[in-house]
Amino acid sequence: EAQVTQNPRYLITVTGKKLTVTCSQNMNHEYMSWYRQDPGLGLRQIYYSMNVEVTDKGDVPEGYKVSRKEKRNFPLILESPSPNQTSLYFCASSWGTTSPAFFGQGTRLTVV
Amino acid sequence: GQQVMQIPQYQHVQEGEDFTTYCNSSTTLSNIQWYKQRPGGHPVFLIQLVKSGEVKKQKRLTFQFGEAKKNSSLHITATQTTDVGTYFCAGPGAAGNKLTFGGGTRVLVKP
């Protein structure tokens, strides 16, 4: 079954404690991206990757890092989380921006 | 940078009525995509429009791409409770490397 898997689904952490949210897709897609969703602001792109070892900033990259060492995986790293990074995060994959995006189930992150 | 705006932000609809939600981009789009997110769920792809003036239908949903390829609309007829959710439009930037989403229209249906 074609899917995008994110883990964890829920995470509560403290300010400054490094964390990683994993994302994996089984469709051999080249394009992967991370979004955060906040009430009234829709989906805002954090980072995207057009292929292995090729990543670039989206619209709200501050405080986040990503890596793309393998085609299937695209982890999101928060080196020093802050409360303003409390949000719902989605990973997505596709063949590119002109093809449908498949989203993971989401990760609800709370930073206290 | 590119901006994608959706109106209205909220839409309260009586069951059985029709409504339309609109999407406007600050730049010309090569294509526009629509997604639906059910409450507590993740966005799910609905449809993609590519051609100027294109109209596509999915049962009670009608999607249209503007002639100038800068705007789009989603019209739902005879709204049902299953239509509840947030509808997003999205389009790629000029360089084709970023997919920008609108703020979404949250649809609430009154039975």
Side-chain angles (χ1 to χ4, degrees), chain A residues 1-10 21 23 25 27 29-51 54-61 66 68 74 87-108, chain B residues 1-10 21-51 54 56 58 63 65 69 85-107:
Chain A
E1 180 190 353
Q3 60 184 3
V4 178
T5 304
Q6 287 179 234
N7 279 297
R9 295 288 311 279
Y10 301 91
V21 184
C23 173
Q25 51 96 2
M27 294 166 279
H29 284 159
E30 295 178 341
Y31 189 90
M32 296 186 74
S33 55
W34 277 101
Y35 296 88
R36 62 177 289 174
Q37 185 174 25
D38 302 289
L41 296 176
L43 294 158
R44 293 181 293 168
Q45 194 175 48
I46 302 170
Y47 268 94
Y48 64 93
S49 170
M50 301 190 78
N51 215 323
V54 181
T55 64
D56 207 346
K57 297 177 180 178
D59 296 316
V60 288
V66 293
R68 188 94 182 270
F74 190 46
S87 187
L88 177 59
Y89 291 86
F90 288 103
C91 178
S93 77
S94 68
W95 292 113
T97 58
T98 57
S99 62
F102 292 80
F103 282 80
Q105 299 291 322
T107 296
R108 186 165 291 281
Chain B
Q2 179 196 27
Q3 290 188 325
V4 179
M5 309 286 287
Q6 284 185 255
I7 53 170
Q9 188 175 353
Y10 296 94
T21 177
Y22 300 90
C23 173
N24 295 288
S25 170
S26 59
T27 60
T28 302
L29 301 170
S30 61
N31 74 90
I32 193 151
Q33 301 166 21
W34 284 89
Y35 294 78
K36 178 182 179 180
Q37 183 180 24
R38 294 184 186 276
H42 60 280
V44 174
F45 173 79
L46 291 177
I47 209 160
Q48 178 177 287
L49 304 170
V50 178
K51 299 177 183 175
E54 188 172 14
K56 286 187 176 180
Q58 285 182 351
F63 303 84
F65 202 6
K69 301 183 76 173
T86 301
Y87 294 81
F88 293 98
C89 64
N97 53 355
K98 292 167 60 175
L99 189 63
T100 300
F101 281 77
T105 293
R106 184 175 175 188
V107 176

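In this text the structure is predicted, and so the values were computed from the model without any measurement. We name chains A, B, ... by the order of the sequence lines, and we start the count at 1 in each one.
With chain A as the partner, the residue from B:Leu99, B:Thr100, B:Val50 showing the most heavy-atom pairs under 4.5 Å is B:Leu99. With chain B as partner, the option from A:Leu41, A:Leu43, A:Leu88 having the largest number of non-hydrogen pairs under 4.5 angstrom is A:Leu43. Top candidate by heavy-atom pairs under 4.5 Å with chain A, chosen from B:Gln37, B:Gln6, B:Gln9, is B:Gln37.
For a residue to count as touching a neighbouring chain, one of its non-hydrogen atoms must lie under 4.5 Å from one of that chain's; by this rule B:Asn97 touches chain A with backbone and side chain alike. With a threshold of 4.5 angstrom between heavy atoms, B:Tyr35 approaches chain A through side-chain atoms but not through N, CA, C or O. In this structure, chain B has no heavy atom under 4.5 Å from any part of A:Ser33. With a threshold of 4.5 angstrom between heavy atoms, A:Gln45 approaches chain B through side-chain atoms but not through N, CA, C or O.
We find the NE2-CD distance between B:His42 and A:Gln37 to be 12.0 Å, quoted to the nearest 0.5 Å. One distance of note links CD of B:Gln33 with OG of A:Ser94; it measures 7.5 Å at 0.5 Å rounding.
Counting non-hydrogen atoms of other residues, nucleotides and ligands closer than 6.0 Å to CZ of A:Arg108 gives a total of 12 or fewer. Residue B:Arg106 places its CZ atom among 12 or fewer non-hydrogen atoms of other residues, nucleotides or ligands, all under 6.0 Å distant.
Residue B:Phe88 comes nearest to A:Gly42 through the heavy atom pair CE2-CA, 3.8 Å, listed as atom of the first residue, atom of the second, then distance. For A:Asp59 against B:Lys98, the heavy-atom pair with the smallest separation is OD1-NZ, 2.8 Å.
For the pair B:Val44/A:Phe103, no side-chain contact is recorded, criterion being any heavy-atom separation below 4.5 Å from C-beta on.
A donor-acceptor contact shorter than 3.5 Å links the side chain of B:Gln48 to the backbone of A:Thr98.
For an aromatic pair to be called close, the ring centres must be under 6.0 Å apart, and B:Phe45 with A:Phe102 fails this.
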